[in-house]
Amino acid sequence: MYKFVFFIPVMLITAVISALFAQVFEPNFGILNTFLRTIGLEEYTQLWLGNPNLTVYSIIAVAIWQITGWTMLLFLSSVEGIPTEIHDAATLDGVSEWQRIIYITLPMVKRMAYVIIMLQIINSLKTFDLIWVMTQGGPNYASDVLGTILYRTAFSEQNFGYASAISVSMTIIVMIICSYYIKLSKLSKIDG
């Protein structure tokens, strides 16, 4: 049941999540500000998507909520993939639960953590739909990313050549960052 509940945001379409959270962050009747007013914290109500200083953080919070289930599932499969013989041997050796986590579980899921980080870097660099539905890059271009600039350049300004250059640049940036990350994390080497 818990796996299903955590995985629900992954199954939802990003446009639906964006529209839902645009309503949650709505300043007058949104759930978040209404909740803050109800519990007596009215001074903490904000223009979550209208304040250039808060917009990016609000969108990041939604993106994290959306990918948490996917990340949890990958980590869970990695932890469940650890052979039971290793845990049995650790139990016979008198290893505490804390030592088991530090010396067995974490090293065994390290490669999965590297892969998850790389996938999230790629995902964050190609973000478009979440931002476009929630803010369209606003307010005052505060939440603009390459994807929203690309879309606006291609379809609002009809400048397809410049938009193509942006998309090629995005591809090159992703390739450079991922190559550097792979080299830095030593993912290309097999550590057994």
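Model, not experiment: these values are computed from the prediction.
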Review point. Should L49 and F21 be marked as a side-chain contact (heavy atoms from CB on, under 4.5 Å) after you check the CA-CA gap, both sets of side-chain angles, and the distance that decides it?
Key: CA-CA 10 Å; L49 298 177; F21 275 93; over 6 Å; no

Practice item. Look only at the side chain of Y181 and the backbone of Y114, and say whether a donor-acceptor pair between them is shorter than 3.5 Å. Key: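 Yes: the side chain of Y181 pairs with the backbone of Y114.
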
Point to revise | Sidechain-backbone polar pair: T148 side chain, V145 backbone, donor-acceptor under 3.5 Å | key: yes

Review point. Which residue pairs satisfy the side chain to side chain donor-acceptor pair (under 3.5 Å) criterion with at least one member in residues 92-107, sequence neighbours excluded?
Key: T91-R100, S96-Q99

Practice item. Any side chain to side chain donor-acceptor pair (under 3.5 Å) involving residues 38-62? Give me the pairs, sequence neighbours left out, ordered by first then second residue. Key: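 For residues 38-62, and leaving out neighbouring residues, the side chain to side chain donor-acceptor pair (under 3.5 Å) pairs sorted by first residue read N33-W48.
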
Could you grab the distance from atom [atom1] of [X] to atom [atom2] of [Y], nearest 0.5 Å is fine?
X    : Y    : atom1 : atom2 : result
I59  : T127 : CD1   : OG1   : 9.5 Å
L125 : I177 : CG    : CD1   : 4.5 Å
T171 : K126 : OG1   : NZ    : 12.0 Å
I173 : C178 : CD1   : SG    : 11.5 Å
R111 : I116 : CZ    : CD1   : 13.0 Å
I102 : I104 : CD1   : CD1   : 11.0 Å

Check your understanding: For residues 12-24, which residue pairs qualify under salt bridge (charged side-chain N to carboxylate O under 4.0 Å, His left out), counting only residues two or more places apart or in two chains?
Key -> none

Revision key, fill the gap. So salt bridge (charged side-chain N to carboxylate O under 4.0 Å, His left out) across residues 135-157, not counting sequence neighbours, yields D144-R152

With clusters built from Ile, Leu, Val, Met, Phe, Trp and Tyr whose side-chain heavy atoms come within less than 4.5 Å, directly or transitively, what are the remaining members of the cluster of [X], listed by chain and number?
X    : result
F29  : none
I172 : V168, I176
I64  : V56, I60

Under 3.5 Å, which donor-acceptor pairs do the side chains of residues 135-142 form with other protein atoms, sequence neighbours left out?
{"from": "T135", "atom 1": "OG1", "to": "I131", "atom 2": "O", "distance (Å)": "3.2"}
{"from": "T135", "atom 1": "OG1", "to": "G137", "atom 2": "N", "distance (Å)": "3.3"}
{"from": "T135", "atom 1": "OG1", "to": "S143", "atom 2": "OG", "distance (Å)": "2.7"}

Listing, residues 69-85 side-chain donor-acceptor contacts under 3.5 Å, not counting sequence neighbours, or none:
{"from": "T71", "atom 1": "OG1", "to": "I67", "atom 2": "O", "distance (Å)": "3.0"}
{"from": "S77", "atom 1": "OG", "to": "L73", "atom 2": "O", "distance (Å)": "3.4"}
{"from": "S77", "atom 1": "OG", "to": "L74", "atom 2": "O", "distance (Å)": "2.8"}

Review item, side-chain donor-acceptor pairs of residues 8-15, under 3.5 Å, at least two apart:
{"from": "T14", "atom 1": "OG1", "to": "Q66", "atom 2": "NE2", "distance (Å)": "3.0"}

Exercise for review: Say whether L106 and V95 are linked into one hydrophobic cluster, either directly or through other cluster members, by side-chain heavy-atom distances under 4.5 angstrom.
Suggested key: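 Different clusters: L106 never reaches V95 through Ile, Leu, Val, Met, Phe, Trp or Tyr contacts under 4.5 Å.
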
**Study point:** Joint hydrophobic cluster, V133 plus I17, side-chain heavy atoms closer than 4.5 Å
**Key:**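 In one cluster with V133: I17, no.
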
Point to revise | Any pair counted as ring pair (Phe, Tyr, Trp, His ring centres under 6.0 Å), so long as it reaches residues 147-170, sequence neighbours left out | key: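 As it turns out, the ring pair (Phe, Tyr, Trp, His ring centres under 6.0 Å) pairs with a partner in residues 147-170, which skip direct neighbours, are F128-Y151, W132-Y151, Y151-F155.
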
Study note, to complete from the structure: Across all chains, not counting sequence neighbours, the side-chain hydrogen bond (donor to acceptor under 3.5 Å, both in side chains) partners of S167 are none

